[in-house]
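Just below is one structure, and these are the notes that go with it.
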Number of protein chains: 2
Amino acid sequence: MNQKSETRKEEIITTAAKLFKEKGYSAVTMRDLATAMGIKAASLYNHINSKQDILNTIIISIAEAFTAGMETIIQSEDSSIEKLKQIVALHVKITSNNTNGMASLNNDWMHLEEQLDYYLQLRNDYEDNFQVIIQQGIVANELKPNNPEIIMFSMLSTLRSLYLWLPKKEDFNPADLAMNLSEILIDGINT
Amino acid sequence: MNQKSETRKEEIITTAAKLFKEKGYSAVTMRDLATAMGIKAASLYNHINSKQDILNTIIISIAEAFTAGMETIIQSEDSSIEKLKQIVALHVKITSNNTNGMASLNNDWMHLEEQLDYYLQLRNDYEDNFQVIIQQGIVANELKPNNPEIIMFSMLSTLRSLYLWLPKKEDFNPADLAMNLSEILIDGINT
DNA sequence: GGAGCAAACTAACAAGTGTTAGTTGGATTA
DNA sequence: TAATCCAACTAACACTTGTTAGTTTGCTCC
């Protein structure tokens, strides 16, 4: 539990996230992870409790970051469009901080066990809040009266896929990308 | 190779696709698949060659459908915006025909082995064609001069996520959904 | 120099993996 | 009726899985 051990544990989790992104949680073995760390599989257990625990840690910490970010956005007095831009920025920020972890959150959440219900609750709350913002935007005549679910689906799909693109586009800084994306998602692409 | 055997083989592949969607390729065992079919694992091998082969069949057939669809779109004389709408419709159509297979294509393509290179080639060609259409739209002043890669990323992310949403939205018919989506993706959401 | 400890190791485990071989029963065909 | 065949079965295989137990190594601090 001291400083050194925490650091080593974090190294393992970071490495695991990278492998999970490449092949998915189920296809990565503890021996794969150990090899990537330069040690033997059994040695991993000096630092972590189980494979399952690694996944929990990766996913739940990110999910809670999204929840906290959404909380802040919802409580602001900004317009709906402004809030949507803040959501875009939130996704860009969290994703650029932890690209590999985002892959696990997107693709391996169903392999959570004890924490699955908690995760689903966070996700549902997030999507509910997202949709309320869109509905308020429609009521306030900031947004076209399109189906709110389809709007959210479209935006969220793009934002959730960011983890695939950010690593390839290191020439974009997060702020620029967030602005660009907001423009495309909100204003559309046609002239 | 007769009619009955083909049908049974297709049943297995369909069932496999469903399981692969729920837990991912690596987490589904041949015993899981057999149980879902109501038979024993060994019996599966009367119909299929290997687990790997099932994945190949699922993914490659869809990837080729996309390639064929894109070929048709590219050869048309329509405007760029019209072509983009056709791409949206193509995704909606293929996805609604095989929601489960789309999950494998999106999430388990990296577990292809002999066919991995072929798949990647199809995907790259598809994305190249997609981007050319966008660039032509910008040159022709149909589209705002946004970064073509970001535009494609945004559209493609949404379209690739359709497999997650279509099953929940059976009240939308494909044609309506394609129209709605085109509007949001092309015209944006603000007033 | 010896106690304490973090972090690696070897060896082993029970359970689960994809797959093969050979067999059986019931329908179809000659 | 006899021969063929499909599609299921049981049994077994070699290997891989996550994990535990117990041991060793080298560092830090009194």
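Numbers restart at 1 for each chain; the letters A, B, ... are given by sequence-line order, proteins then strands.
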Taking only residues at least two apart or on different chains, which pairs with a member in [range] satisfy salt bridge (Lys or Arg N to Asp or Glu O under 4.0 Å)?
| range | value |
| --- | --- |
| residues 99-125 of chain B | none |
| residues 94-107 of chain A | none |
| residues 149-161 of chain A | A:Glu127-A:Arg160, A:Glu149-B:Lys169 |
| residues 23-34 of chain B | B:Lys23-B:Asp32 |

Considering residues at least two apart in sequence or located in another chain, which fulfil the side chain to side chain donor-acceptor pair (under 3.5 Å) criterion with [X]?
| X | result |
| --- | --- |
| A:Glu183 | none |
| A:Asn129 | none |
| B:Thr72 | none |
| B:Glu64 | B:Tyr118 |

Distance check needed: [N] [atom2] versus [X] [atom1], whole Å only.
| X | N | atom1 | atom2 | answer |
| --- | --- | --- | --- | --- |
| A:Lys51 | D:dT19 | NZ | P | 8 Å |
| B:His47 | D:dC6 | NE2 | C1' | 8 Å |
| B:Gln52 | C:dT17 | CD | P | 17 Å |

Open item on the list: Using a distance-only criterion (donor-acceptor N/O pair, under 3.5 Å, no hydrogens), is the base of C:dA6 paired with the side chain of A:Asn46?
Closed with: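 Looking at the base of C:dA6, it does not pair with any donor or acceptor on the side chain of A:Asn46 (distance under 3.5 Å).
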
- [ ] Report the residue from B:Ile13, B:Ile48, B:Ile12 that forms a side chain to side chain contact (heavy atoms under 4.5 Å, CB included) with B:Leu33.
- [x]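 By the side chain to side chain contact (heavy atoms under 4.5 Å, CB included) criterion, B:Leu33 pairs with just one of B:Ile13, B:Ile48, B:Ile12: B:Ile12.
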
TODO: Can you sort out which residues in residues 35-45 of chain B have a heavy atom within less than 4.0 Å of DNA chain D? Ascending by number, please.
DONE: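 DNA chain D contact set from residues 35-45 of chain B: B:Ile39, B:Lys40, B:Ala42, B:Ser43.
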
Task: Interface with DNA chain D, restricted to residues 104-116 of chain A and to heavy atoms under 4.0 Å - done: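 Those residues whose heavy atoms fall under 4.0 Å from DNA chain D, taken from residues 104-116 of chain A, amount to none.
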
Task: Positions of residues 25-34 of chain B (non-hydrogen atom under 4.0 Å from DNA chain C), listed by number - done: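 B:Val28, B:Thr29, B:Met30, B:Arg31, in order of number.
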
Listed pairs under 3.5 Å, donor-acceptor, residues 92-104 of chain B side chains, sequence neighbours left out:
from    : atom 1 : to       : atom 2 : distance (Å)
B:Thr95 : OG1    : B:His91  : O      : 2.7
B:Ser96 : OG     : B:Val92  : O      : 3.0
B:Ser96 : OG     : B:Lys93  : O      : 3.1
B:Asn98 : OD1    : B:Gly101 : N      : 2.9

